[in-house]
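Numbers here simply count residues along the sequence, with the first being 1. Order of listing sets the numbers, starting from 1, for every ligand and every atom in it. Scope of the values below: all heavy atoms of this structure, side chains included, with no hydrogens, waters or symmetry mates.
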Amino acid sequence: MTKISSICVFCGAQNGRSPEFRELAFEVGQLLGSRRLKLVYGGSKDGLMGATADGVLSHGGEVLGVLPKKLANRELAHQRIDKLVTVETMAQRKDVLMTESDAFLILPGGLGTLDELFEVLTANTLGFMNKPVIVLNSFGFYTGLITWLETIAQSGLSRSPGELFTVVEDVDALGRLLS
Ligand code: AMP
């Protein structure tokens, strides 16, 4: 993987039902912090997003959050991160997240996470951007999506998943990829 110094993590604004999701997000944060990779993310203190930031901060890493004003009542700003940028719209948030990052890492999440994943995949495909995307498939969370994307690629309607992103199956594999 090309040398990266900042990485944007897309993941759930909620915790989900399984406590393992939160543990995973915290562990990923610890990995990024220990590798001195700056975390760029949505700026929330809660959910898997907050757990990732907490993990980075627990290892003395740097964190940039980007929060839209529109979400001020839904997603509360993390108070301990190094820098919080406030923007007007969801689209502006994605623009800043994409500009400020050298690569993207996808953890378990919901519709917002999928929206963000497809935003970066389409930007790469259209040539607006050329940055690596990593999907962390712990617990096989994204296996169904990857299979579906293979079906689309076989229909000749998109690049194959292997061309769109790198899949790693656990945090150890992620650590090896980032070294
Ligand atoms: P979720 O995966 O649904 O928990 O959402 C993860 C993050 O994506 C949250 O910070 C949401 O605010 C954000 N999000 C949801 N929908 C959009 C959208 N259309 N554009 C940009 N960000 C979004």
Is the Phe141-Phe21 ring centre distance short of 6.0 angstrom?
yes

Heavy-atom distance under 4.5 Å between the side chains of [X] and [Y], does that happen here?
X: Leu39; Y: Leu64; result: no
X: Phe10; Y: Leu97; result: yes
X: His78; Y: Val63; result: no
X: Asp46; Y: Glu75; result: no
X: Tyr142; Y: Val167; result: no
X: Leu178; Y: Leu31; result: yes

Does ligand 1 have an atom that lies less than 4.0 angstrom from a heavy atom of Gly12?
yes

Looking at ligand 1, would Met49 count as a contact under a 4.0 Å heavy-atom criterion?
yes

Heavy atom of the protein closest to [atom] (residue, atom name, distance):
atom: atom 3 (O) of ligand 1; value: Gly112 N, 2.8 Å
atom: atom 9 (C) of ligand 1; value: Glu75 OE2, 3.1 Å
atom: atom 4 (O) of ligand 1; value: Ala13 N, 2.8 Å

When you look for heavy atoms under 4.0 Å from ligand 1, do you find them on the side chain of [X], its backbone, both, or neither?
X: Cys11; value: backbone
X: Arg93; value: side chain
X: Glu116; value: side chain
X: Asp115; value: side chain

For [X], counting its heavy atoms only, list the atoms of ligand 1 lying under 4.0 Å from any of them.
X: Lys94; value: 20 (N), 21 (C)
X: Leu71; value: 12 (O)
X: Met90; value: 12 (O), 14 (N), 15 (C), 16 (N), 17 (C), 18 (C), 20 (N), 21 (C), 22 (N), 23 (C)
X: Leu111; value: 2 (O), 3 (O)

Using distance alone, decide if ligand 1 has a nitrogen or oxygen within less than 3.5 Å of any nitrogen or oxygen in Gly109.
no

Take atom CG of Leu126 as the centre, draw a 6.0 Å sphere, and report whether it contains more than 12 heavy atoms from other residues, nucleotides or ligands.
yes

Take a 6.0 Å sphere around CD of Gln14 and say whether it holds more than 12 heavy atoms from other residues, nucleotides or ligands.
no

